There are 2 protein chains.
Amino acid sequence: MTDPFEGLLGYHLRRLSVIAMTDLAAALAPLNLKPTEASMLFVIDANPGVSQSEVGRILGVKRANMAPMVATLMRRGLIEREPVDGRVQALRLSGKGQSMRARARACVEAHEERVFGSLSKDERNQMIAVLASLWSKPEVEMEVE
Amino acid sequence: MTDPFEGLLGYHLRRLSVIAMTDLAAALAPLNLKPTEASMLFVIDANPGVSQSEVGRILGVKRANMAPMVATLMRRGLIEREPVDGRVQALRLSGKGQSMRARARACVEAHEERVFGSLSKDERNQMIAVLASLWSKPEVEMEVE
DNA sequence: TTCTAACTGCTATGCAATATAACAATCGAG
DNA sequence: CTCGATTGTTATATTGCATAGCAGTTAGAA
């Protein structure tokens, strides 16, 4: 039986992505964080004071879907908001959020090791370079709303 | 602003996968096929006589979700079923299904060119080898039900 | 300065992919 | 022959993501 997906890069990309996402979700479950929520902590940590719209733009999450997620992280005391002007509110990690971010980061790194551990550091970096160049190029642009 | 996803292979994998899936869905839309339906045509074409459970196992689609998809392809006259025994039914492409499969394949190849066109054939094959080795290894196995 | 277009945060809602649970009919290994 | 496993199926829940619209706010062009 011939493999009809032999030469199709997109197929293998998707299969691995699904497996990786499943593993990541399981890795973060003990922290009661979904992958997107963890990503939000990472982005806010790296860019203190960002607006939630901006976070959404970075992560490819629509404004409408950001609202309830931010509300959840607020409710859990992981992030704090400070009004910048009448619309924008600056997001920052709370102390609790900082330690949660660190724990999440550890989970993510363990996950990466689990899924991509058979690749050398060089291979991984090379892969990252290729993937990043493909998804961040403007030709295949995606609109976040 | 530092990129918190710099070294995370999984992140870039997912971002590209989402873009690729969006492009693929758009590419197949004119044929009124979803990506999974097109994949089913490919698998059935490559393995005439497979059962739908087997197709599901190959594609990572649960039995319960295969039923309505098979029904759709049957209704459209793209595939045919022949009872093998009291449970199993052998799936084959109809003539119409064959030509649809060919057209879908063309769409997929155009899509691949669009998304991965900036990579050389060698780079693509190398990527495929790496991705396939990662997702098909038993350590990170996934259960289809 | 005023007006308008654009932006922020938000709610409500819909859809499609996927997951769970259960069932009847059937098969096959022991 | 029997019992565990398998097939196809229905019904249903969950989840991620999309659309549409709104009120309040801002900023830039006229």
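What you are looking at is a predicted structure, and each value in this text was computed from that prediction instead of being measured. Hydrogens, waters and symmetry mates are skipped; everything else that's a heavy atom, side chains included, is used. Reminder, nothing fancy here: chain letters follow the sequence lines and each chain counts from 1.
Of the candidates dT7(D), dT9(D), dT11(C), dT9(D) carries the atom nearest the Ala67(B) side chain, counting heavy atoms from C-beta on.
The phosphate of dC22(D) (OP1 or OP2) has no side-chain N or O of Arg87(A) nearer than 4.0 angstrom. Residue Ser53(B) places none of its side-chain N or O atoms closer than 4.0 Å to OP1 or OP2 of dT6(D). In this structure, Lys62(A) reaches the dA18(D) phosphate: one of its side-chain N or O atoms is under 4.0 Å from OP1 or OP2.
When the nearest nucleotides of DNA chain D are assigned to Val18(B) and Gln89(B) by heavy-atom distance, the more 5′-ward of the two goes with Gln89(B). Of the two residues near DNA chain C, Arg14(A) and Pro68(A), the one whose nearest nucleotide lies more 5' is Pro68(A). Across the interface with DNA chain C, nearest-nucleotide mapping of Ser51(A) and Thr22(A) shows Ser51(A) to be the residue nearer the 5′ end.
Look at CG on Leu59(A): it is 14 Å from C1' on dG16(D), rounded to the nearest Å. As a whole-Å value, the separation of Met21(A) CE from dC17(D) P is 7 Å. Atom CD of Glu54(A) and atom P of dC7(C) are 12 Å apart (whole Å). Distance Leu91(B) CG to dT7(D) P: 12 Å, rounded to the nearest Å. Distance Gln52(A) CD to dT11(C) C1': 13 Å, rounded to the nearest Å. As a whole-Å value, the separation of Met69(A) CE from dA18(D) C1' is 12 Å.
Within residues 32-42 of chain B, the residues that place at least one heavy atom under 4.0 Å from DNA chain C are, in residue-number order, Lys34(B). Against DNA chain C, the stretch residues 72-86 of chain B makes heavy-atom approaches under 4.0 Å through Asp85(B), Gly86(B).
Applying the 3.5 Å distance criterion, the base of dA19(C) shares a donor-acceptor pair with the side chain of Asn65(B). For a distance-only test at 3.5 Å, the side chain of Arg63(A) qualifies as a donor-acceptor partner of the base of dG9(C).
Using a 4.5 Å heavy-atom cutoff, the side chains of Arg81(B) and Val70(B) are in contact. Side-chain contact between Leu73(B) and Leu41(B) is present, with at least one heavy-atom pair separated by less than 4.5 Å. Residues Phe116(B) and Leu16(B) have side chains in contact (heavy-atom distance under 4.5 Å, counting atoms from C-beta outward). Side-chain contact between Leu93(A) and Leu78(A) is absent, with no heavy atoms from C-beta onward closer than 4.5 Å. Taking 4.5 Å as the limit, some side-chain heavy atom of Arg76(B) sits within range of a side-chain heavy atom of Met100(B). At a threshold of 4.5 Å between non-hydrogen side-chain atoms, the residues Tyr11(A) and Leu59(B) count as touching. A 4.5 Å side-chain heavy-atom check between Arg105(A) and Leu8(B) finds at least one atom pair inside the cut-off. When side chains are defined from C-beta on, Gln52(A) does not count as touching Met40(A), because their heavy atoms never get closer than 4.5 Å.
The salt bridge (charged side-chain N to carboxylate O under 4.0 Å, His left out) search around Arg103(B) returns none, not counting sequence neighbours.
The same ILVMFWY cluster, assembled from side-chain heavy atoms under 4.5 Å apart, contains both Leu119(A) and Leu13(A).
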